[in-house]
Amino acid sequence: MLTALAFRNLWRNRRRTLLTLSAMVVSAALLILALGVFSGMIDDMLATTTRLYHGHLVLAAPGYHAHRDLHAHLPEVTAELPALAGIEGRLGSTPRLRAFGLFSVATSSQPVEILGVDPVREPAVTTLHRQLVAGRYLQPGEQGVVIIGSALAKKLGASVGSEVVVVTQAADGSIGNDLLTVRGIFTTGDSRHDGRLAVTSLPWLQHLLVLDGRIHEVTIAIAEPMTAFTVADRLNTVLPAGIAARDWGDILPEMRDAIASFDVSRMIVVGILYFATGLGILNTCFMSVLERTREFGLLLATGMRPWGIRRLVLLETLFLALLGSTAGLLGGFLLTWYMQAIGIDLSGAITPITYAGGTILPRLRAVFEPANFLVPAAMLVAVALFAGFLPANRAARLDPVAALREE
Amino acid sequence: MRGEALYLPLSPYASLLTDANMPLITLSNVYKTYRHGSLEVTALTDFSLEIAEGEFIVLAGPSGSGKTTVLNLVGGLDRPSAGAVTVGALEIASASAAVLADYRLRRVGFIFQSYNLIPVLTAAENAEFTLMLQGVPRPERRRRVTELFIELGIEGLEERRPGDLSGGQQQRVAIARALAAAPGVVLADEPTANLDSHTAEELLDLMRDLNRRRGVTFLFSSHDDRVIGRARRVVRLEDGRMVGDSTTNR
């Protein structure tokens with residue numbers, strides 16, 4: 001009966017309850033949407049760097065990433081290690097060789113990063129093959145061809161079919177030089193890739209660098225990038241000596257920090273929004289308690305204990321919070337679904353922004369993350385109970401004689 | 001069934017007496033003062049009264065004479081500033097808040113001038129409320145309340161909300177609530193003040209009948225002559241002092 005009483009009490013002042021509920025629903029739904037869009041931005045930022053180039057996990061010789069040392073190479077069979085097959089949610093793994101050199105077309109020269117990849121395995125790890133704006137991607141077995149970033153192509157004055165001269169240092173100390181034909185041009189939105197990255201076939205680069213059968217790294221993509229930290233830790237316990245697994249957070253510490261700062265920002269937004277909502281709930285509960293002073297006097301007179309009164313008021317608040325968070329979850333789900341399926345294209349208004357190693361794309365797109373729903377819903381209930389405690393306590397501490405005298 | 005005598009079993013808590021020769025309620029040299037800011041108001045001065053079990057007694061007097069204060073003290077809602085109030089073996093002044101709450105829950109029924117029913121509960125739920133607080137299972141609560149509603153002549157109104165009932169019907173529901181837990185004492189503060197003469201007299205006859213049949217002690221406060229005229233014992237108060245205590249053979 002106490003539960004029924006609490007629920008019915010909610011509807012004594014229907015308009016006030018509905019107004020408070022609507023504030024709770026709107027704040028929860030908008031919060032869920034905002035968190036979904038935040039997550040979408042983080043997703044974009046992470047994807048633009050990990051799925052375009054870095055991958056989520058990298059196996060390399062210890063220290064390779066600090067100096068990109070040409071001589072810190074591994075056998076190509078590293079890409080076939082049994083430990084890699086056991087990675088949960090593995091989307092793909094691919095061997096890579098890297099060199100730094102100079103590309104020249106006629107009188108124009110530009111410094112470049114030359115990445116030797118397996119054209120069959122690489123598309124399972126990165127999405128560079130989808131960013132082509134001219135020409136085509138590398139074909140299996142194709143030698144002496146390259147795809148380059150659009151900004152690099154522009155600086156070199158190269159186009160699809162152009163021949164570029166490549167000069168680099170080989171592993172044996174000699175100067176490696178050759179001709180490459182441009183097969184494709186890509187645009188990623190990341191100026192560092194577009195302005196200096198060139199991708200060619202792994203065997204061709206191995207031959208140029210005199211590193212046949214050798215690679216610098218194995219790049220791995222997984223379905224849940226946020227689990228990369230634990231996957232790397234686990235891999236490091238089973239990998240042979242001389243090979244270390246690094247997650248994207250190690251490779252891109254600025255990205256990891258940016259995501260952590262987004263998490264803080266999220267909590268600040270939650271705090272501000274729910275502070276205002278909490279005040280609304282507090283007001284409703286206080287009004288409701290003040291209006292029923294005489295009734296609480298009666299309940300105390302009939303022998304109800306103060307904790308019973310406190311429980312009654314908190315139950316009312318709990319019902320309000322559960323209704324608010326349920327409707328807020330539904331509203332948030334619909335808004336997130338809309339922003340995921342359709343989103344808002346801002347490319348006409350703003351350009352991509354490179355930040356912390358990733359790219360914030362000119363669009364608003366939400367992604368579904370359970371935490372973005374659970375945290376606002378749970379916090380709304382917590383805020384409501386916190387806001388309800390004060391009036392509940394006031395009601396519980398009433399003097400029954402004075403309360404019964406109230407008009 | 002209306003009008004038939006239905007004797008509900010008294011709860012094990014109904015009888016408060018530890019000694020049959022002792023008065024049920026004793027107020028000895030009671031003083032009660034209230035503080036309103038810096039002002040001290042004396043509600044009772046050297047007030048003494050003994051009430052036997054099963055009495056039907058009215059505290060009569062003008063507004064501010066201290067009638068409600070006596071009810072509050074006997075009901076364990078308030079404590080005396082000085083003197084002693086005992087109900088059965090319970091010393092009100094020294095009892096803990098928890099003991100007083102339990103006393104109010106199990107041994108006392110309250111009836112108020114303005115009925116004080118909970119508007120969002122049905123009539124039956126209002127009457128069941130104290131039984132619910134006592135942890136009585138729902139079927140047993142409903143059985144007891146149904147019998148009481150028949151006895152009080154409000155059968156068929158169980159599912160109505162207080163707002164859909166007349167003043168007389170609401171007060172009958174309030175009486176059902178006061179009696180549902182089979183208390184030893186019913187305290188009624190101006191119970192007929194908001195009722196028309198006919199309804200008031202009907203209710204008074206009903207309560208007098210309940211007093212006779214159940215042996216429940218009724219203590220009223222009133223300045224209504226209809227109430228005073230139906231009491232066997234009338235205690236008159238003025239300015240917090242007893243100015244008369246008369247008994248008739250009604």
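Sequence lines set the chain letters: A, B, ... in the order given, protein chains first and strands last, and positions in each chain run from 1.
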Around atom [atom1] of [X], are there more than 12 heavy atoms from other residues, nucleotides or ligands closer than 6.0 Å?
X        : atom1 : answer
A/Glu88  : CD    : no
B/Asp164 : CG    : yes
A/Phe386 : CZ    : no
A/Phe333 : CZ    : no
A/Phe275 : CZ    : no
B/Glu140 : CD    : yes
A/Tyr338 : OH    : no

(request) Side chain from CB out, backbone as N, CA, C, O: work out which of these in B/Ala98 comes under 4.5 Å of a heavy atom of chain A, or both, or neither. (result) both

(message) With a 4.5 angstrom heavy-atom cut-off, is it the side chain or the backbone of B/Arg177 that approaches chain A, or both, or neither?
(response) side chain

(message) Just verifying a value: how many Å separate A/Met304 CE and B/Thr130 OG1, rounded to the nearest 0.5 Å?
(response) 11.5 Å

(message) Strictly less than 4.5 Å between heavy atoms, which residues of residues 3-26 of chain A line up against chain B? Please order them by number.
(response) A/Leu5, A/Arg8, A/Asn9, A/Arg12

Do [X] and [Y] have side-chain heavy atoms sitting under 4.5 Å apart?
X        : Y        : answer
A/Leu298 : B/Phe110 : no
A/Leu404 : B/Asn116 : yes
B/Met132 : A/Leu2   : yes
A/Thr302 : B/Leu133 : yes

(request) Could you tell me whether the side chain of A/Arg305 and the main chain of B/Ala101 form a donor-acceptor pair under 3.5 Å? (result) no

(request) Answer yes or no for A/Arg405 and B/Phe112: cation-pi contact, defined as NZ/CZ to six-membered ring centre under 6.0 Å and angle to ring axis within 45°. (result) no

(request) Pull out the residues in residues 70-79 of chain B that come under 4.5 Å of chain A, heavy atom to heavy atom, sorted by number. (result) B/Asn72, B/Leu77, B/Asp78

